[in-house]
Amino acid sequence: MVGGFNTALGIALTLAWLTVLPDRPWAPAAAVTAAYTISVVVAFVLHRTLVFRVRGRALRDFAAFVAVNSGGLALNTVLLSLAVTVLHLPARGSAVVIMGAVAVASFFGHRHISFRRRPVVEAAS
């Protein structure tokens with residue numbers, strides 16, 4: 001649910017930015033970047049508290065979270081720009097499809113990188 005909410009938030013923000021930005025070649029990349037800057041903090045808090053339920057290492061987790069999300073941001077930006085400028089697909093529909101696919105990939109990045117914890121080893125009795 002958190003991933004779905006965050007994806008919906010990112011899509012809504014991206015669509016909002018695409019609506020208000022001028023119709024220029026740089027607009028899709030700017031829309032994704034602006035949406036990212038807002039949603040990354042919301043996503044971190046929700047993933048940390050509701051999905052992965054981890055404690056401690058908040059700054060380290062946030063840095064790893066931002067790194068994983070930055071890879072997603074780069075992928076979103078490149079794919080959306082290619083979809084709009086090279087394939088001449090509609091920006092809004094392309095943004096929805098691309099962001100959904102990147103959200104799924106990002107979950108695994110967060111599971112294995114951002115919020116990974118070593119298994120707890122119980123002391124021998």
Side-chain angles (χ1 to χ4, degrees):
M1 289 178 44
V2 169
F5 171 79
N6 190 59
T7 300
L9 176 64
I11 290 169
L13 290 169
T14 300
L15 296 177
W17 283 111
L18 286 170
T19 301
V20 300
L21 290 172
D23 187 19
R24 300 281 194 264
W26 53 264
V32 171
T33 303
Y36 170 82
T37 60
I38 296 167
S39 65
V40 71
V41 175
V42 173
F44 174 73
V45 171
L46 294 177
H47 279 86
R48 182 176 169 79
T49 58
L50 300 176
V51 177
F52 297 102
R53 298 179 185 187
V54 296
R55 301 217 183 272
R57 298 178 20 182
L59 291 176
R60 185 175 178 194
D61 288 351
F62 185 71
F65 188 86
V66 169
V68 170
N69 268 28
S70 294
L73 171 64
L75 193 57
N76 269 319
T77 302
V78 169
L79 292 177
L80 185 56
S81 294
L82 289 173
V84 172
T85 61
V86 175
L87 300 176
H88 305 289
L89 296 172
R92 288 171 180 80
S94 298
V96 171
V97 171
I98 291 166
M99 289 179 79
V102 171
V104 171
S106 293
F107 170 80
F108 293 101
H110 294 310
R111 175 194 281 175
H112 297 292
I113 298 169
S114 305
F115 301 111
R116 182 176 184 197
R117 296 295 193 261
R118 292 192 174 130
V120 176
V121 179
E122 295 184 28
S125 311

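For reference, positions follow the sequence shown, starting with 1.
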> At what distance, to the nearest 0.5 angstrom, does CG of Leu75 lie from OG of Ser70?
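Here the interatomic distance stands at 12.0 Å.
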> Using the side-chain contact (heavy atoms from CB on, under 4.5 Å) definition, which of the options Val84, Leu79, Asn76, Leu21 pairs with Pro28?
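Running side-chain contact (heavy atoms from CB on, under 4.5 Å) over Val84, Leu79, Asn76, Leu21 with Pro28 returns exactly one hit, Val84.
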> Okay, side chain of Arg55, backbone of Thr49: is any donor-acceptor separation there less than 3.5 Å?
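Between the backbone of Thr49 and the side chain of Arg55 there is no qualifying donor-acceptor contact (under 3.5 Å).
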> Taking all heavy atoms of Leu80 and all of Ala91, pick out the closest pair and write down the distance.
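So the two residues come closest at CD1-O, 3.7 Å.
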> Following the transitive rule for hydrophobic clusters with a side-chain heavy-atom cut-off under 4.5 Å over Ile, Leu, Val, Met, Phe, Trp and Tyr, establish whether Phe44 and Val32 coincide in one cluster.
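Per the 4.5 Å side-chain linkage, Phe44 and Val32 are co-clustered.
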> Is the shortest heavy-atom distance from the side chain of Trp17 to the side chain of Ile38 under 4.5 Å?
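Yes - at least one pair of side-chain heavy atoms lies under 4.5 Å apart.
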> Is there a side-chain contact between Thr19 and Arg92 in this structure, where contact means two heavy atoms from C-beta onward sitting under 4.5 Å apart?
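A side-chain contact under 4.5 Å exists here.
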> Is there a path of hydrophobic side-chain contacts, each under 4.5 Å between heavy atoms, that joins Val96 and Val102?
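Shared cluster, no.
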> Taking atom CZ of Arg116 and atom CZ of Phe52, what is their separation to the nearest 0.5 Å?
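Between Arg116 CZ and Phe52 CZ, I get 13.0 Å after rounding to 0.5 Å.
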> Using the rule that Ile, Leu, Val, Met, Phe, Trp and Tyr join whenever any side-chain heavy atoms are under 4.5 Å apart, tell me whether Val86 and Ile98 fall into a single cluster.
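Looking at the clustering, Ile98 is in a separate group from Val86.
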> With the side chain counted from C-beta on, respond yes when Val42 and Leu9 share a heavy-atom pair under 4.5 Å apart, and no when they do not.
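Counting from C-beta outward, Val42 and Leu9 do come under 4.5 Å.
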> Might you point out which heavy atoms bring Gly56 and Arg117 nearest each other, and give the distance in Å?
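For Gly56 and Arg117, the tightest heavy-atom pair comes out as O-NH2, 3.3 Å.
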> Can you label the angle between the His47 ring and the His110 ring as parallel, tilted or perpendicular, going by 30° and 60°?
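Rings of His47 and His110: tilted, 30 to 60°.
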> Are any non-hydrogen side-chain atoms of Leu82 and Leu87 less than 4.5 angstrom apart?
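No, their side chains stay 4.5 Å or more apart.
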> Is there a donor-acceptor pair under 3.5 Å between the side chain of Thr37 and the backbone N or O of Ala34?
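Here the side-chain-to-backbone pair exists.
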> Quick one: does Phe107's side chain get under 4.5 Å of Arg111's, heavy atoms only?
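In short, these two side chains touch, coming nearer than 4.5 Å.
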> Treating Ile, Leu, Val, Met, Phe, Trp and Tyr as nodes and any side-chain heavy-atom pair under 4.5 angstrom as an edge, say whether Trp26 and Val20 lie in one connected cluster.
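Yes, Trp26 connects to Val20 through the hydrophobic network.
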> May I ask you to test the Asp61-Ser114 pair for a side-chain heavy-atom distance under 4.5 Å?
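No, side chains not in contact.
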> side-chain contact (heavy atoms from CB on, under 4.5 Å) with Arg60: which residues, sequence neighbours excluded?
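side-chain contact (heavy atoms from CB on, under 4.5 Å) check on Arg60 returns Arg57.
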> Taking all atoms of both residues into account, what is the closest heavy-atom pair of Asn6 and Ala43, and its distance?
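Reported closest heavy-atom pair: OD1-CB, 3.3 Å.
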> What pair of heavy atoms forms the shortest contact from Val68 to Ser106, and how long is it?
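So the two residues come closest at CG1-O, 4.0 Å.
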> Any side-chain heavy-atom pair from Phe108 and Ile113 closer than 4.5 angstrom?
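They are not in side-chain contact.
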> Testing the basics here: between Pro22 and Ala27, what is the closest heavy-atom pair and its distance to 0.1 Å?
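Answer, listing the atom of Pro22 first, then Ala27: O-CB, 3.3 Å.
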> With clusters defined by side-chain heavy atoms of hydrophobic residues (ILVMFWY) lying less than 4.5 Å apart, directly or transitively, does Val41 cluster with Leu13?
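Shared cluster, yes.
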> Can you check side chain to side chain contact (heavy atoms under 4.5 Å, CB included) on Val51 and Leu46, steps first, answer last?
CA-CA 7 Å; Val51 177; Leu46 294 177; over 6 Å; no
> After noting the C-alpha distance and the side-chain angles of Tyr36 and Thr14, does the key distance pass the side-chain hydrogen bond (donor to acceptor under 3.5 Å, both in side chains) rule?
CA-CA 8 Å; Tyr36 170 82; Thr14 300; over 6 Å; no
> Is there a side-chain contact between Phe65 and Val40 (heavy atoms, below 4.5 Å)?
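When only atoms from C-beta onward are counted, Val40 and Phe65 do touch, with a gap below 4.5 Å.
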